[in-house]
Amino acid sequence: MNATMPSPAATARAPILRADNVCKAFTSGTLRTQVLNDLSLSIDPGELTLISGPSGCGKSTLLAILSGLQKVDSGRVHALGSELGQLDLRALERFRLQHTGFVFQGFNLFPALTALEQVELPLNHMGMSKQEARERARRSLEEVGLSHRFKLRPSELSGGEKQRVAIARALAKEPELLFADEPTSALDAANGQTIIDILHTIAHTHGTTVLCVSHDPRLVAHADRVLAMEDGRILSDRRLGAGASKETPP
Amino acid sequence: MVALARKTLVYEWRRFLPAILAVGFAGLLQLLQLALVLGIFGATSVYITGSSGDVWVGFPGTQSVGSGRSIDANVESRILMDPAVTHVEPYEWVDGDWRGAGNTGGVSVFVSGIDTAADGLMFSKVLSPALRARLAEPDAVVVDRADLGKLGVALGGTATINGRRVRVVGVGSGLRGLGGVNVLTSLDTARRLDSDNDDIGPTYLVAKIADPAQAKAVARRLRGSKAFGPYTTWSAADFARISVRYWLFDTGAGAGVLFLAGIVFLVGAVITSQTLVGAVQGSVREYATLNALGVGVGALRKVVLEQAFWVGALGLAGATVLGAFLLLGARAEDVPVTLGPVAALACIALVMGQAAVSGMAAMRSMRRIDPATLLR
Ligand SMILES: Nc1ncnc2c1ncn2[C@@H]1O[C@H](COP(=O)(O)OP(=O)(O)OP(=O)(O)O)[C@@H](O)[C@H]1O
Ligand SMILES: [Mg+2]
């Protein structure tokens, strides 16, 4: 576990997101399921990291814990220099407001709002002026290729377009961390391709750290780094760009 | 700011319609019930509210206009001595048994003997000067148009009260009473119809004062003298209130009104809160997404409260339009309905209170919003 404990000199290039010996179990009735088992990992900034693994292995749970949506049983999560376990509910909300974006499997768009309004809404709560929120929303939608769809409501958008609005909504906040849970599983191959390309571009042009969970093998080729999970542990850690692949012991 | 609450309300109006209707109809029911009760029981004080007397003088302890006892006629000079009093006139109340020409049996009537002079105070607001003048004829009576059938007479017809012949010389409106039919006569005619030999003077004295705003103070000042036998004084507004309250509680109608108002409030609130809860549940994933993005639960609660407010406001608008039509219709059909500003404000407060209670109940259901459930 030495690898995850940074020396003072290394702090400047410290991983942006780090989990140390995280354990998480769920109890329903008398049955106790250990979902994350002494898991440690560190995510580097400005990359698209893909977490893959079989169904039920704990990928979504890991994402919820790394993003501060769920508490750990034991272990620590450090994100952007804060230890998430020490923040209360309000502080966590503030942390998420300032630093994180989310893209979920479902698009979760308000039926009553136009694409532009969906993206503007969270910005309004960040204390941004009306003009700035509108301007940023426009830019984000243009970036995901929806400049001609500003005024349309979810019922008038295709599935892929809806997911792109959801990405624009997360992106407009200009977060350091972007979490995506199965963002392509409700889409066909072509649309899924577009989405993963957008996420990849975001990581590289904005320097956003993108953490994406998926069991879609087609996405693997687009990631900078792929973590394979099984039974609550990281089994392998591969870097694709460098061609090199290093295995970390569980 | 994106107006999420309003935009959702407009876009998903079908979802919110039941709540708006529930609030609206609950409001309408409260409004009509209040107007009807105030209208019906307001009739018990028509003698006061239909007249321009500012101060009333009567037997101590009188609980409603209809239960007065005669006072000493000499009290009149005591009242006139007060510099604020500009005019005093007697008012005779006689309980009578009406026998009409038609097949109506005996009808219990309240005979009001009033001053027929042109500047008379009694019923000055509901009796035209021409009708008042015709009352000066011996044995002339005026009744409400709507009571003719009940009395079994036509205009110009004759009947008897307490065995004495009277003639209907005119019909008015706004003269209906509660518990009996109001019959207006001159003071002389009323005294002739009075079969109670113990009556030594008028039932009431009604006074006009220079500044009606001082009615309460003048009434207090005129009280207390015992030189002419027992009497007491009220301002017209106080006496009207005493009369209406006596009837409301004597008949149990007051308790009934409160009970019904409570039930209507409750049913409306349940339907409204359930609709709002449904709307929250329908958007729970969207709310959770916003919360994941860092929008606080407090801000999300405000959305629901704002929706509740709009539901209340729209329901209120509907109830007001419909209520106005129904009240006008009721007036045209001689159904007694009254709605003052206080009662109208009470209805508005009730409706908005209902929306607020429903909104809070719906807000409780937002505790289930957990962004972690979006990650599965
Ligand atoms: N709130 C919960 N209560 C009880 N058990 C839970 C809860 N959340 C997750 N689990 C259990 O934890 C395990 C891992 O769940 P998780 O959602 O992390 O899997 P996953 O890797 O995302 O699977 P998939 O690829 O199917 O989405 C599952 O067995 C699930 O039943
Ligand atoms: Mg999952």
Side-chain angles (χ1 to χ4, degrees), chain A residues 55-56 59-71 89-90 92-114 116-126 128 130 133-134 137 153-155 166 169-170 172-173 175 179-182 213, chain B residues 1-17 19-20 275-276 278-311 314 362-364 366-376:
Chain A
S55 182
K59 304 183 296 293
S60 299
T61 308
L62 176 61
L63 206 63
I65 281 174
L66 291 177
S67 58
L69 292 180
Q70 229 163 43
K71 294 264 173 215
L89 211 65
R90 298 286 300 275
L92 275 173
E93 269 175 11
R94 208 159 39 240
F95 177 86
R96 294 204 302 266
L97 188 63
Q98 284 161 359
H99 305 298
T100 68
F102 285 91
V103 178
F104 301 106
Q105 179 178 359
F107 319 121
N108 305 335
L109 301 175
F110 287 97
L113 302 186
T114 64
L116 196 60
E117 287 163 345
Q118 311 272 4
V119 183
E120 261 183 276
L121 188 55
L123 302 182
N124 289 149
H125 291 272
M126 291 177 77
M128 217 172 276
K130 216 177 128 121
R134 165 107 353 153
R153 295 208 168 82
S155 59
R169 172 167 67 180
K173 294 174 68 200
F179 298 96
D181 187 22
E182 314 269 10
V213 160
Chain B
M1 202 74 177
V2 176
L4 177 61
R6 251 177 303 145
K7 294 210 153 131
T8 305
L9 202 72
V10 171
Y11 188 77
E12 296 177 46
W13 62 271
R14 273 191 193 83
R15 184 195 275 286
F16 291 94
L17 194 61
I20 295 171
T275 308
L276 288 173
V280 169
Q281 294 312 311
S283 300
V284 74
R285 298 183 67 82
E286 287 76 31
Y287 285 131
T289 304
L290 282 186
N291 187 239
L293 290 171
V295 176
V297 178
L300 299 179
R301 291 217 168 110
K302 255 201 268 172
V303 173
V304 175
L305 262 198
E306 196 189 325
Q307 280 171 348
F309 168 81
W310 286 114
V311 164
L314 288 173
M363 255 170 30
R364 283 170 57 84
M366 295 191 99
R367 282 182 307 186
R368 265 180 261 164
I369 289 174
D370 177 11
T373 58
L374 298 174
L375 293 168
R376 279 292 147 84

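Small disclaimer: the values here were computed from a predicted structure and weren't measured. Letters go in sequence order (proteins before strands), and every chain restarts at 1.
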Heavy-atom proximity to chain B below 4.5 Å, by part of [X]:
X	result
A:Ala133	neither
A:Arg153	side chain
A:Ser55	neither
A:Leu109	backbone
A:Leu121	both

Which residue out of [options] racks up the most heavy-atom pairs below 4.5 Å with chain B?
options	answer
A:Leu113, A:Ile65, A:Leu63	A:Leu113
A:Lys173, A:Lys130, A:Met126, A:Glu182	A:Lys173
A:Pro111, A:Gly106, A:Pro122	A:Pro111
A:Gln98, A:Arg90, A:Arg169, A:Lys59	A:Arg169

Check each atom of B:Val10 against the heavy atoms of chain A and say whether the ones under 4.5 Å are side chain, backbone, both or neither.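 For B:Val10, there is no contact with chain A at all, as no heavy atom is under 4.5 Å.
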Can you tell which part of B:Leu290 gets under 4.5 Å to a heavy atom of chain A, answering side chain, backbone, both or neither?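 B:Leu290 touches chain A through side-chain heavy atoms alone.
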Heavy-atom pairs under 4.5 Å with chain A, option from B:Val295, B:Thr289, B:Leu293, B:Leu374 with the top count: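 Looking at each of B:Val295, B:Thr289, B:Leu293, B:Leu374 in turn, B:Leu293 comes out on top.
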Flag the one option from B:Ala292, B:Gly296, B:Pro371, B:Ala288 with the top tally of heavy-atom pairs under 4.5 Å to chain A.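 That would be B:Ala292.
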Any side-chain heavy-atom pair from [X] and [Y] closer than 4.5 angstrom?
X	Y	answer
B:Leu314	B:Leu9	yes
B:Arg301	B:Leu305	no
A:Asp181	A:Gln105	no

My understanding is that only residues two or more places apart in sequence, or in another chain, count here; which of them pass ring-ring contact (aromatic ring centres under 6.0 Å, His included) with A:His125?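 Partners of A:His125 under the ring-ring contact (aromatic ring centres under 6.0 Å, His included) test: none.
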Once ring-ring contact (aromatic ring centres under 6.0 Å, His included) is applied, do any residues pair with A:Phe104, and if so which ones, sequence neighbours excluded?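 Partners of A:Phe104 by the ring-ring contact (aromatic ring centres under 6.0 Å, His included) criterion, ordered by chain and then number, come out as A:Phe102.
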List the steps, then state whether side-chain contact (heavy atoms from CB on, under 4.5 Å) holds for A:Arg96 with A:Leu69. CA-CA 9 Å; A:Arg96 294 204 302 266; A:Leu69 292 180; 3.5 Å; yes
Walk me through it: do B:Tyr287 and B:Val297 pass the test side-chain contact (heavy atoms from CB on, under 4.5 Å)? CA-CA 9 Å; B:Tyr287 285 131; B:Val297 178; over 6 Å; no
Assess whether atom NZ of A:Lys71 is packed by more than 12 heavy atoms of other residues, nucleotides or ligands within 6.0 Å.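 Atom NZ in A:Lys71 is crowded, with more than 12 foreign heavy atoms closer than 6.0 Å.
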Starting from the C-alpha separation in whole Å, work towards a yes-or-no answer on side-chain contact (heavy atoms from CB on, under 4.5 Å) for B:Phe16 and B:Thr8. CA-CA 9 Å; B:Phe16 291 94; B:Thr8 305; 4.2 Å; yes
